[in-house]
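First up is the structure itself, then whatever we jot down about it.
Every heavy atom of this structure was used, including side-chain atoms; hydrogens, water molecules and symmetry mates were not. Each chain gets a letter, A, B and so on, in the order its sequence line appears, and its residues count up from 1.
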Amino acid sequence: MDDRLKELERRTRFDPAEVEPGIAERWLESGLFHPAPEGEAAENYSIAIPPPNVTGSLHMGHALNGSIQDVLVRYRRMTGRRTKWILGTDHAGIATQAQVEKALRAEGTSRQELGREEFVRRVWEWREHYGHTIVAQLKRLGASCDYSEERFTLDDGYHRAVVAVFVALYEQGLVYRDRYIVNWDPGTHSAISDLEVEEREETDTLYSIRYDLLAGDGAAGHGQAAPGGVTIATVRPETLLADTAVAVNPRDERYTDLVGRTAILPLVGRHLPVIADDYVKTDFGTGQLKVTPAHDPNDFEIGRRHELDQVSVIGEDGRMTSEAGERFAGLTVQDARQAVVQALREEGRIVAEEPYRHSVPYSHRSGRRIEPLISLQWFMRMDELAAPAIQAVRDGAVRIVPDNHRRVYLDWMQNIRPWCLSRQLWWGHRLPVYYCDRCGETLVAEQPPERCVSCHGELRQDEDVLDTWFSSALWPFATLGWPAQTPELAAFYPTDVLSTARDILFLWVARMIMMGLRFTGRVPFGEVYIHSVIQAPDGRRMSKSLGTGIDPVEEIERHGADAVRFGLLAMSSSQDVRYSAEKVQQGQALANKLFNATRFALLRIASLPGVDLAALAPAPRPRTVADRWILSRLQQVLADTAARIESYDFSHAALGLYDFVYAELCDWYLEIVKPRLASDAEPDLDLAATLLHLLRQTVALAHPIIPFVTEELWSYLGGDGLLAGAAWPRADVSLIDMDAEVALERVVEAVTAIRGWRDSVGARPGLIVPARLRADGYDGTQGMLARLARMDLATDGAGPEPVAIVAVPCGVLEILSDDGLDLAAAEQRRQAARGKLQAEIARVEGKLANGRFLERAPAEVVASEREKLARLHDEMEAL
RNA sequence: GGGCACGUAGCUCAGUGGGAGAGCGCUCGCUUCACACGCGAGAGGUCGCUGGUUCGAAACCAGCCGUGCCCACCA
């Protein structure tokens, strides 16, 4: 026995922490993860990783998606495809800037103090320091990304792609600048897109407020209030200061005579035209609406329709502006609300107050309440881009799995709205937009122009940066060198699949499809796989702030990367799932089981007299029915696993593997062949070759799911090179043997029945019980039955009368001695079994006595029920 | 307001038209010469409720109850 085997003999457990890092290192050094950019995308296999935030660390979502993508990538690599998993990180504008600003505050400084250039330099420094954490964690997970070509959404090449796209879209008229109402986030001090807003249900007070009408429409008695007036309802009285109209529905007969008159804004005295607009609901409140174009998205639209003035009373700092009047200027929105209510109350204008439940917009980024404001921003018109992206999903050029997300995608795309692209941040792709202050010219260009083309004046670059998702939208092709037509682009674009959770379906996936089609003329990926969201074990969101997060890295340290991968894959499904520590445990157990099964087989084979393990060629050389059975089962699990991986059914792939290794390979096959491996027996070279073959195929089959332990075992099983680069074992239909499967199923059932009986009569585990088998279909399996059930089977049919009978498939086992058995104890159990059987017989008999059943059920179902009844009667007989 | 899921053993989940399953937990028994992160045997379920379709429903349909998520501009 060589030294490695001796060392293996001492390792009674698989210790992940001991071997996993070393194996990861060997993979990286092998170059297997870095394919040459050759061939065409159609024959190659590629996945672009959803780029994690550069400041982030691995969370459960990353761990699950990393496991999923790695299964796909490792499987394809083993099937011989040239496979590339494109890796990189996202600069994550707001998130990263916020982190660095926080650090600066801790240092007692701020980005304003440092200035833009220095601040950006500091962020790059930060990225250098902390930006590699998550990549290192992906390596630890075993993710077989192409680490030699890590991209970053802000590196030079990527920036060129972003600028080229922005300029092109501007020239095509899709990107434009507008003073428009945006979702202003006072927390990040920036506009954010609709998708970054989350609505929260809150209870506020709904105030009904009376506005006077100008007497005689301002003709006579100028400034005098007319009787009656209008009553509006609002939850935001502070915005009243910015009202510029009152609106009613044109079909609202109560108010037709009001239209065209003038209301007087309380506290301010501004004259407000009463206008008619379809937006106003006649059945809500009084049917009279205050119109505040500068602070409400709906009112903004009404304002545009009616060319109303825009008065802004809330500033970007979330405080009231001077436009709000001396009395309120400088107050926070909250304080202003109280102050306005107080003032209105003093004037007796509040006619009703009631609690009101409604949804309030909050920033997904900062958690602050969104302040709708009018602001000069860059936008992108989406309808023209959406049309082909809708078509691509409709006609299947992009297939969304599971397909219930398809409609969600289509619905959203069909109602798509302009995208606010600009962000008032410093960290990101600065807009390639240059203004001439002298003549007002706006230039949009890839290269910064020297001077204004019109007047040769000085140019000033726009201060804003692009929404991070704008650069992310280019990910599948910008990472491969686009706009240059690189070999990488030819070899790996379009990618094959995009795997992600559904929360970024619109934010990212839809935009990639639109941009991919627009700029490469092709879909960026053929399939989108939407995976589960892993919730905390109690069903809540996993989040740091709730304290419900579970750190996958800690789990890896505790249980091994294989265990975590297996667990996450086994948990995953087409819907959200709770984190299951048991599944991880199951994965750890599987790794250990496989390790020990291999260890056992190798050590036994090596100790067979005259056998040279190194010279033994693995091959299926079945000699017994059990050999034929396990080889047949192996083919089935090979085919199943391949099919399940290809159809994104990872939980069944993982659990099917577990079942094969545990139940069939270890519990039955290895137990059955143990005597044939006894070192004092004549060496069974066929068995040795078969076992080696079996283990090598099993380990290869399991590799995409649990790569570390299988790689480790591969080195003992004499595989050439690394398993990560080995061939996937294809199922061989010629090895499928239904006769052997039937025979073994029968033994398994019989042994299980006999063990149960033994337990019920209190037979000591070591006790060999004399018995006689009177049953069909046990040719070639009697020996294993006797040994596994601890029976001494009589060979002749005659002999003593049985003292007890045990039912087995297709017959009975007669027990010939009651030594060491408490037969009476079995009685209760037998009664229970009889009761169960009786009920079942009654059920089947009832069925067969039902004329309608006989008449309408398919003939084969009736026949099988008849057979079943006969079998049940036999079993009853035996009992 | 609209949409998508889900409700099966104590827990987490499979099962999509013909005798209710797994892992964990629980009970009992085992140092059986790979693994005690092990082996063997068990207990435990009116498959949310009510109707319907069907010879037959955990599965298909409808309604209800409960839970989760997404989308949405009624002040």
Side-chain angles (χ1 to χ4, degrees), chain A residues 9 12-14 199 206 232-236 239 247 279-281 283-292 296-301 356 358-359 361 372 402 404-405 407-408 411-412 415 502-503 505-506 533 535 537 539-541 559 563 570-571 573-583 585-586 588-604 651-652 655 658-659 662 666-667 670-671 674 678-679 751-752 755-760 762-766 788 790 829 836 839-840 843-844 847 850-858 860-862 864-865 868 872:
Chain A
E9 192 169 22
T12 59
R13 277 191 213 167
F14 176 66
E199 302 284 335
L206 182 66
I232 57 86
T234 183
V235 289
R236 302 202 58 194
T239 65
Y279 170 76
V280 185
K281 302 282 183 291
D283 56 356
F284 188 91
T286 58
Q288 299 170 331
L289 175 73
K290 74 192 262 299
V291 183
T292 319
D296 182 282
N298 300 308
D299 294 6
F300 180 84
E301 294 298 338
Y356 183 67
H358 66 143
S359 55
N404 53 319
H405 295 286
R407 234 186 70 197
V408 179
D411 285 349
W412 186 78
N415 298 306
R502 70 179 128 56
D503 55 347
L505 184 61
F506 308 141
V533 172
Q535 301 169 333
R540 288 189 294 169
R541 270 186 84 81
H559 304 286
M571 274 173 237
S573 91
S574 57
Q575 64 202 58
D576 293 354
V577 291
R578 297 178 184 204
Y579 185 77
S580 161
E582 291 81 8
K583 287 279 192 296
Q585 207 80 48
Q586 203 178 342
Q588 190 177 356
L590 174 64
N592 187 56
K593 195 73 174 172
L594 206 49
F595 180 83
N596 270 294
T598 305
R599 170 171 164 267
F600 165 69
L602 285 180
L603 290 169
R604 279 305 182 83
S651 67
H652 288 103
L655 294 170
Y658 177 93
D659 285 343
Y662 257 79
C666 293
D667 288 351
L670 288 183
E671 292 303 324
K674 268 180 182 174
S679 51
V751 169
T752 305
R755 282 172 176 168
W757 173 83
R758 289 181 60 110
D759 210 51
S760 71
R764 304 295 303 167
L788 296 173
R790 304 242 166 186
R829 183 186 157 102
K836 227 176 188 172
E840 194 51 32
R843 205 186 61 82
V844 178
K847 226 176 190 180
N850 182 345
R852 310 241 290 173
F853 172 71
L854 298 176
E855 201 177 305
R856 305 210 184 175
E860 63 268 23
V861 171
V862 177
S864 85
E865 290 294 315
K868 189 191 292 173
L872 291 171

What is the base-pairing partner of [N], counting Watson-Crick and G-U wobble geometry with both distances under 3.5 Å?
{"N": "B:U12", "answer": "B:A22"}
{"N": "B:G68", "answer": "B:C4"}
{"N": "B:C49", "answer": "B:G63"}
{"N": "B:A41", "answer": "B:U27"}

Without decimals, in angstroms, what is the distance between [X] [atom1] and [N] [atom2]?
{"X": "A:E865", "N": "B:G17", "atom1": "CD", "atom2": "C1'", "result": "13 Å"}
{"X": "A:Y662", "N": "B:G38", "atom1": "OH", "atom2": "C1'", "result": "8 Å"}
{"X": "A:Q586", "N": "B:C35", "atom1": "CD", "atom2": "C1'", "result": "16 Å"}
{"X": "A:M571", "N": "B:C11", "atom1": "CE", "atom2": "P", "result": "18 Å"}
{"X": "A:D411", "N": "B:C4", "atom1": "CG", "atom2": "P", "result": "9 Å"}
{"X": "A:N850", "N": "B:G18", "atom1": "CG", "atom2": "P", "result": "18 Å"}
{"X": "A:L788", "N": "B:C39", "atom1": "CG", "atom2": "P", "result": "15 Å"}
{"X": "A:F853", "N": "B:G17", "atom1": "CZ", "atom2": "C1'", "result": "12 Å"}

Please name the pair of heavy atoms, one in [X] and one in [Y], separated by the smallest distance, quoted to 0.1 Å.
{"X": "A:D299", "Y": "A:K290", "result": "OD2-O, 3.3 Å"}
{"X": "A:K868", "Y": "A:V844", "result": "CD-CG2, 3.9 Å"}
{"X": "A:Q588", "Y": "A:A563", "result": "N-CB, 3.5 Å"}

For [X], enumerate each residue passing the ring pair (Phe, Tyr, Trp, His ring centres under 6.0 Å) test, keeping only those at least two apart in sequence or located in another chain.
{"X": "A:Y579", "answer": "none"}
{"X": "A:Y356", "answer": "A:H358"}
{"X": "A:F600", "answer": "none"}

How does each nucleotide of nucleotides 67-75 of chain B score, in 5' to 3' order, for protein heavy atoms under 4.0 Å: base (B), sugar-phosphate only (S), or none (-)?
--S-S-BBB
Looking at the side chain of [X], which of [options] is the nearest nucleotide?
{"X": "A:Q588", "options": "B:A14, B:A5, B:C37", "answer": "B:C37"}
{"X": "A:K847", "options": "B:C35, B:A41, B:G19", "answer": "B:G19"}
{"X": "A:E671", "options": "B:G40, B:A34, B:U12", "answer": "B:A34"}

In whole Å, what separates the [atom1] atom of [N] from that of [M]?
{"N": "B:G23", "M": "B:C61", "atom1": "C1'", "answer": "34 Å"}
{"N": "B:A9", "M": "B:G21", "atom1": "C1'", "answer": "10 Å"}
{"N": "B:G10", "M": "B:G45", "atom1": "C1'", "answer": "11 Å"}
{"N": "B:G17", "M": "B:C11", "atom1": "C1'", "answer": "30 Å"}
{"N": "B:A57", "M": "B:G2", "atom1": "P", "answer": "34 Å"}
{"N": "B:C37", "M": "B:C26", "atom1": "P", "answer": "14 Å"}
{"N": "B:A20", "M": "B:A43", "atom1": "C1'", "answer": "16 Å"}
{"N": "B:C13", "M": "B:G7", "atom1": "P", "answer": "10 Å"}

When we call it a touch if two heavy atoms are under 4.0 Å apart, what does [X] touch: a base, just sugar-phosphate, or nothing?
{"X": "A:P858", "result": "base"}
{"X": "A:E840", "result": "base"}
{"X": "A:I232", "result": "nothing"}

Which residues pass the side-chain contact (heavy atoms from CB on, under 4.5 Å) test with A:R599, not counting sequence neighbours?
A:L8, A:T12, A:F595, A:N596, A:L603
Checking side-chain contact (heavy atoms from CB on, under 4.5 Å) for the pair A:F14/A:L594: CA distance, chi angles, key distance, verdict?
CA-CA 9 Å; A:F14 176 66; A:L594 206 49; over 6 Å; no
Between A:T752 and A:H652, whichever has its closest RNA chain B nucleotide further toward 5' is A:H652
Position toward the 5' end of RNA chain B (nearest nucleotide), A:K593 or A:N596:
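Mapping each residue to its closest nucleotide by heavy atoms, the 5'-most match is A:N596.
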With distance as the sole test, does A:D576 use its side chain to make a donor-acceptor pair with the main-chain N or O of A:V533 at under 3.5 Å?
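Present.
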Judged by atom type as modelled, is there a donor-acceptor pair below 3.5 Å linking the side chain of A:R758 to the main-chain atoms of A:R790?
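At least one qualifying donor-acceptor pair exists.
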Write down the protein N/O and nucleotide N/O pairs, taken from nucleotides 24-33 of chain B, whose separation is under 3.5 Å; answer none if there are no such pairs.
unit_1 : atom_1 : unit_2 : atom_2 : d
B:C30  : OP1    : A:R764 : NH2    : 3.3

Just to confirm, is there a sub-4.0 Å distance from OP1 or OP2 of [N] to any side-chain nitrogen or oxygen of [X]?
{"X": "A:R13", "N": "B:C37", "result": "yes"}
{"X": "A:K868", "N": "B:G19", "result": "yes"}
{"X": "A:S573", "N": "B:A14", "result": "yes"}

Report yes if the side chains of A:Y279 and A:L289 come closer than 4.5 Å at any heavy-atom pair, otherwise no.
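Side-chain contact under 4.5 Å: yes.
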For the pair A:E840 and A:R843, find out whether any cationic side-chain nitrogen is under 4.0 Å from an anionic carboxylate oxygen.
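Salt bridge present between A:E840 and A:R843.
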